[in-house]
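First comes the structure, then the notes that go with it.
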Amino acid sequence: MTDSESNLPIAGAQVVLYDNDMEKLRTVDTDSEGHYNLGTVDCDTKYRIRADKTDYETNELPYTVPKTTGNTYLPLMLKKRIVKIEEGTDSGPS
């Protein structure tokens with residue numbers, strides 16, 4: 001998982017796997033490199049994956065596991081919810 005602006009990995013983000021009926025199947029956290037592993041999932045099955053971290057907007061995507069064997073990969077990006085405002089760039093009174 002990466003930051004949508006900097007492309008840097010996001011550690012400690014929560015990734016939740018839901019089935020097609022939005023029943024939570026499992027929850028994992030990203031590691032220091034932004035990687036996550038949701039374990040074994042069924043091929044040719046529809047899921048939803050939700051990613052969340054403090055100070056970031058939640059991102060939720062549909063995902064259908066291909067009918068092939070091997071690793072599945074879904075790159076996730078999160079956008080910062082809080083934007084740092086530098087002095088002189090805000091619209092408020094000085």
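Computed from a predicted model, the values in this text were never measured in an experiment. Note that these values count all heavy atoms, side chains included, but never hydrogens, waters or copies made by symmetry.
Taking CD1 from Ile49 and CG from Leu74, the interatomic distance works out to 4.5 Å, rounded to the nearest 0.5 Å. Summarising the geometry, atom OG1 belonging to Thr2 is positioned 8.5 Å from atom CG belonging to Leu76; distances are rounded to the nearest 0.5 Å. In this structure, Gln14 CD and Thr27 OG1 are separated by 5.0 Å, a value rounded to the nearest 0.5 Å. Between atom CZ of residue Arg81 and atom OH of residue Tyr56 there is a gap of 11.0 Å, rounded to the nearest 0.5 Å.
The salt bridge (Lys or Arg N to Asp or Glu O under 4.0 Å) analysis of residues 50-63, with sequence neighbours excluded, yields the pairs Arg48-Glu60, Arg50-Glu60. Among residue pairs with one or both ends in residues 15-25, none qualify as salt bridge (Lys or Arg N to Asp or Glu O under 4.0 Å); sequence neighbours excluded.
For the pair Pro9 and Ser32, the tightest heavy-atom approach, listed with the atom from each and the gap, is CB-O, 4.2 Å. The two residues Asp42 and Tyr47 have their closest heavy-atom pair at N-OH, 3.1 Å. Here the closest heavy-atom approach between residue Met1 and residue Ala13 is recorded as SD-CB, 3.5 Å.
Applying the side-chain contact (heavy atoms from CB on, under 4.5 Å) test to Thr54 and every residue at least two apart in sequence or in another chain returns nothing. With sequence neighbours left out, Asp29 forms a side-chain hydrogen bond (donor to acceptor under 3.5 Å, both in side chains) with no residue at all. With sequence neighbours excluded, the residues satisfying side-chain contact (heavy atoms from CB on, under 4.5 Å) with Asn20 are Lys46. With sequence neighbours excluded, no residue forms a side-chain hydrogen bond (donor to acceptor under 3.5 Å, both in side chains) with Tyr36.
Looking at Val15 and Thr30, their side chains come closer than 4.5 Å, going by heavy atoms from C-beta outward. With a 4.5 Å cut-off on side-chain heavy atoms, Met77 and Asn7 count as touching.
Screening Leu38, Val41, Leu17 for a side-chain contact (heavy atoms from CB on, under 4.5 Å) involving Leu25 leaves a single residue, Leu17.
Leu78 and Val28 end up in the same hydrophobic cluster when Ile, Leu, Val, Met, Phe, Trp and Tyr side chains are linked at under 4.5 Å.
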